[in-house]
Participant: 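Handing you a structure now.
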Amino acid sequence: MPRSAQARATQPSMEQRIRERFSGSKLSASRSPGGSLQGSPLMGSIPGTPHSQLSGGTQQNTYLEEFQLTLDEAYNAIIREDFYYEHAPSTSLCLSILELHSDPRECGQQILQRCQDLSEFLRPIRPGVINPEVDYNLVINMMKTLLFNAKLKFLKDGDSSSVELCDSYLSHVDLLCVFVSSNCADIPSIQQLQNTDSARLVRDRLVKVERLSLAQEVATKSGLDPAAVWTAWGMSCLKAGDYPGAREKFSRILKAPSDRNQMQPPAKRVADIIQHLESAGASSLSLTEILTAPPGSIRDFITEPKMKAQSSASLSAIFDSPPLQECLYYIKTYCSYSTMVHFYRKHKNFNLAVSLILQKRCSTEVFIEALLVPCMKQGSLGRLQNEMLRLDPTLNAWNVYLTASCRYLNRNGLNHVLYHFQLFMKDFVRAAMMCIKFFQSGIKTYSDLFDRLHYLEKARQHFKAVLDDKQWDGVPRPPITGGVSSGWAGSSTEANIRLMLTPSDLTKHMNTMKLQIEVTKTLHRMAGKGSGLEGQSSSASASSSTGTDAPQKPPTLFGNSKEKAAVARKALLSGNTIQEGFQLAFRIIQDFRLPDTLIYSHVGRHLANIRKYKEIRSLLICIRDTGLARDQNCDEILDACVRVVADDSSQTKEAEVLIKLMKSDTNKINAYILCGKLKSAYLLAVKGERVEDVQRIMRAAKQAGQSQAQMKAICQTWLASQEEKRLREQQAQQLLSQSRQPRH
């Protein structure tokens, strides 16, 4: 800044200061022996010498010579220190000096640097305190002038990147002008605005002090994300109750989801908006409600305002609250359907939550994740079902959601919830099948099955309900077309999602359950009396029937044919005698058309193992009494029993008794050979003149070795005699045929 005339008058003359400065060793080399400054370049041109002592020239030349630089650096330093402008600051003089620069690019860089220096004058003395000695408008105008000339310099030099930098500086100068016009005390420098991190700090500081329009200008000019400013601005409007203004601010940064059926939580900004509005809506209470409330209620409200507001406000009044109405606007505009359903459910309005599913045709995923799963966790599944029925008593509109729900529950193993859901949707057949599943799951003994017989009773009732029109209420009963109808487990259409069976199939299933109830009661009763014919080998028998040594769960009539056959065998062996369980086993075999001979043979082998030969005979008697068994079937059963004891020499007598019960001689011979009774087999074969059987006996004797050598010889002799007999008969036949031929 220019010095005042008074200051210049009080200072010592230039000549005196120079003489004082150079009175030391620096000028000793140029001093004359008399102490004068002869030979010094300062002599004759010492600034500050009075006009009367100058040899010539005008006063103007004297002023120019007063601040003229020389080759003496020490003298030049003094000149620069004492130099001053008559008018300062002066951008015209600055630019005139810079015009003398030979490099336009370097000149432009110097101008940019001066602009940065000037911007530092705009900064406050300390935070929040402006500098009263600075003319802010003057500094900003100077910066604009310098930047304009710098841009011309760069254009002249062809430096496009520097031209862009000038434009950036000009933009920031405009921003500084906004700061000044807004009476903002904390004005940043250009360098701060050029740096992204520093500019972000400036923006955040403005947001903190709620200079939001100015913060938005900083974000725009500095290339920052304006979302933070719009968010703060919108939240400020919300807190002030300016809901239209908040909508306008938030509309600049919030976007509606492309697919509202997607299961995604709301964006963080939207979640913050919803949380604020819900808090405001919960704490708001009308003046009329406060004034008309009794004194006790007012005291409660002062103590717990939110609790009192929630308890006193009715369900319809909740959504009449302006904050909650505004909350609904943001949810409907910027959130998915799942968030909307969650909002209604949170405020205990199942009517709107369930209605939204049908009105917006929400996806099944939204229905499951936003309604079904939360209701299951809260124990309000019945309330959800009541709302579904209220909206559509036929449930036809809910078919796709019911189907998806059943699939979800089945996939996640939520069988009990699935069962109640099947009853709700009148899918009685599948509900009955679920009861059968409950009956069988996790059992170890028939006593466990006996404790679960109530599930079979429920299943029978569900099967009966299929044909009872009263059980369907308002849900139309699907037509029975024969066979299985379309359902959620198949790939057919969703027109009929309930499994349907023909009356004959229903009767068949109910008979199976009735028979299973009888089997369970019988086996449970027999187990209570102690071990039956299964004895100590019962576990081995059960494991052999399943092909594994691990303990198996009790078989039931709801399994495959192999499991049903196991039930029949258990029924036969459950009592102390075969007669006790034969009728029940025979019914199982006949009802399910099981291979009876195979089952009886298996039981016979078990009886032979435990040496119950009397029961084997009783089994044969019972089988023959049915009138359905042939001799060959009984022989197969006996053969199975003989094979068990064939290798046990101590059971030879019992084996012969079993063999004698056979009807076919061939089967007897085979059994004798198996037991090593070759003599008995030979006698029986010779009696019937069975050549092939004798040959087999001879081979068995040959394999037995020396112990059966005599039997081998006997067989060979008999076979030889039979061969001679055959040859004689053949010769006789030939002679007879020759005698009958006519002679020519």
Side-chain angles (χ1 to χ4, degrees), residues 112 115-144 147 164-255 267-277 279-280 326 330 334:
L112 293 181
C115 289
Q116 293 180 5
D117 296 341
L118 285 172
S119 67
E120 294 292 336
F121 285 102
L122 301 178
R123 302 193 63 185
I125 301 175
R126 56 181 179 272
V129 180
I130 63 174
N131 190 350
E133 298 181 0
V134 176
D135 188 346
Y136 289 91
N137 291 322
L138 175 61
V139 174
I140 289 174
N141 290 332
M142 291 170 61
M143 293 168 64
K144 289 182 178 180
L147 289 172
E164 294 177 359
L165 184 60
C166 287
D167 291 334
S168 176
Y169 272 48
L170 286 170
S171 176
H172 292 146
V173 170
D174 292 338
L175 184 56
L176 294 177
C177 186
V178 175
F179 271 87
V180 173
S181 61
S182 300
N183 293 324
C184 182
D186 293 327
I187 301 178
S189 64
I190 289 182
Q191 287 180 321
Q192 287 180 301
L193 296 177
Q194 282 291 115
N195 184 272
T196 304
D197 294 334
S198 300
R200 186 177 294 108
L201 292 176
V202 172
R203 180 202 64 184
D204 295 343
R205 187 166 61 248
L206 292 172
V207 170
K208 186 176 181 180
V209 297
E210 296 188 356
R211 301 296 296 268
L212 300 174
S213 59
L214 195 55
Q216 184 61 35
E217 289 289 340
V218 172
T220 304
K221 298 289 186 180
S222 301
L224 302 176
D225 184 15
V229 180
W230 289 120
T231 301
W233 205 340
M235 291 301 295
S236 178
C237 293
L238 283 181
K239 294 176 182 178
D242 183 12
Y243 295 147
R247 290 187 184 185
E248 191 271 333
K249 303 301 184 297
F250 285 125
S251 64
R252 298 175 181 269
I253 54 174
L254 299 180
K255 293 183 180 179
K268 185 180 182 304
R269 292 188 180 93
V270 180
D272 293 341
I273 294 171
I274 295 174
Q275 182 180 3
H276 170 76
L277 291 173
S279 300
E326 192 68 14
Y330 286 99
Y334 301 110

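Residues: numbered from 1 along the sequence shown.
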Participant: Strictly by salt bridge (Lys or Arg N to Asp or Glu O under 4.0 Å), give each pair with a member in residues 232-242 just once, sequence neighbours left out.
Facilitator: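 For residues 232-242, and leaving out neighbouring residues, there are no salt bridge (Lys or Arg N to Asp or Glu O under 4.0 Å) pairs at all.
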Participant: Applying ring pair (Phe, Tyr, Trp, His ring centres under 6.0 Å), name anything that partners Phe250, two or more places apart in sequence or on another chain.
Facilitator: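 Residues passing ring pair (Phe, Tyr, Trp, His ring centres under 6.0 Å) with Phe250: Tyr330.
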Participant: Should Leu176 and Val139 count as side-chain neighbours, where that means a heavy-atom distance under 4.5 Å?
Facilitator: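 In short, these two side chains do not touch, never coming nearer than 4.5 Å.
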Participant: Going by the rule side chain to side chain donor-acceptor pair (under 3.5 Å), which residues pair with Asp117 if we only count those two or more places apart in sequence or in a different chain?
Facilitator: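 So Asp117 forms a side chain to side chain donor-acceptor pair (under 3.5 Å) with Gln113, Arg114.
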Participant: Under the side chain to side chain donor-acceptor pair (under 3.5 Å) test, which residues partner Arg269, sequence neighbours left out?
Facilitator: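 Scan of Arg269 (side chain to side chain donor-acceptor pair (under 3.5 Å), adjacent residues dropped) gives Thr231.
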Participant: Please list all pairs passing the salt bridge (Lys or Arg N to Asp or Glu O under 4.0 Å) test where one or both residues lie in residues 245-255, with sequence neighbours left out.
Facilitator: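 Output for this query lists Arg247-Glu326, Glu248-Arg252.
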Participant: Tell me, which pairs form a ring pair (Phe, Tyr, Trp, His ring centres under 6.0 Å) where one or both residues lie in residues 183-205, sequence neighbours left out?
Facilitator: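 Every candidate ring pair (Phe, Tyr, Trp, His ring centres under 6.0 Å) pair involving residues 183-205 fails, so no pair, neighbours aside, qualifies.
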Participant: Can you see which heavy atom on Ala246 is nearest to which on Leu238, and at what distance?
Facilitator: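 Heavy-atom minimum between the residues: CB-CD2, 3.6 Å.
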Participant: List the residues meeting ring pair (Phe, Tyr, Trp, His ring centres under 6.0 Å) with Tyr334, not counting sequence neighbours, and say none if there are none.
Facilitator: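 In terms of ring pair (Phe, Tyr, Trp, His ring centres under 6.0 Å), with neighbours along the sequence ignored, Tyr334 is linked to no residue.
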Participant: Can you check whether Leu170 reaches Met143 side chain to side chain, under 4.5 Å on heavy atoms?
Facilitator: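 SC-SC contact between Leu170 and Met143 ruled out.
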Participant: Using modelled atom types only, decide if a donor and an acceptor are shared between the side chain of Ser279 and the backbone of Gln275 within a distance under 3.5 Å.
Facilitator: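 Side chain of Ser279 to backbone of Gln275: a pair is present.
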Participant: Give the C-alpha distance, both sets of side-chain angles, the deciding distance and a yes or no for side chain to side chain contact (heavy atoms under 4.5 Å, CB included) between Leu138 and Phe121.
Facilitator: CA-CA 11 Å; Leu138 175 61; Phe121 285 102; over 6 Å; no
Participant: State which residues pass side-chain contact (heavy atoms from CB on, under 4.5 Å) with Ala228; sequence neighbours excluded, sorted by chain then number.
Facilitator: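 By the side-chain contact (heavy atoms from CB on, under 4.5 Å) rule, Ala228 matches Arg203.
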Participant: Can you list the residues that meet the side-chain contact (heavy atoms from CB on, under 4.5 Å) rule with Leu201, with sequence neighbours excluded?
Facilitator: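 side-chain contact (heavy atoms from CB on, under 4.5 Å) list for Leu201, sorted by chain: empty.
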Participant: What's the separation between atom OG in Ser168 and atom CG in Leu147, rounded to the nearest 0.5 Å?
Facilitator: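 Atom-to-atom, Ser168:OG and Leu147:CG are 10.0 Å apart.
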Participant: Can you run down the salt bridge (Lys or Arg N to Asp or Glu O under 4.0 Å) pairs that involve residues 188-201, sequence neighbours left out, and say none if there aren't any?
Facilitator: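 Applying salt bridge (Lys or Arg N to Asp or Glu O under 4.0 Å) to every pair that reaches into residues 188-201, excluding sequence neighbours, yields Asp197-Arg200.
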Participant: Could you tell me which residues satisfy side chain to side chain donor-acceptor pair (under 3.5 Å) with Asp167, sequence neighbours excluded, listed by chain and number?
Facilitator: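 Per chain and number, Asp167 pairs via side chain to side chain donor-acceptor pair (under 3.5 Å) with Lys151.
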Participant: What pairs of residues pass the ring pair (Phe, Tyr, Trp, His ring centres under 6.0 Å) test when at least one of them lies in residues 187-237, not counting sequence neighbours?
Facilitator: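 For residues 187-237: Trp230-Trp233.
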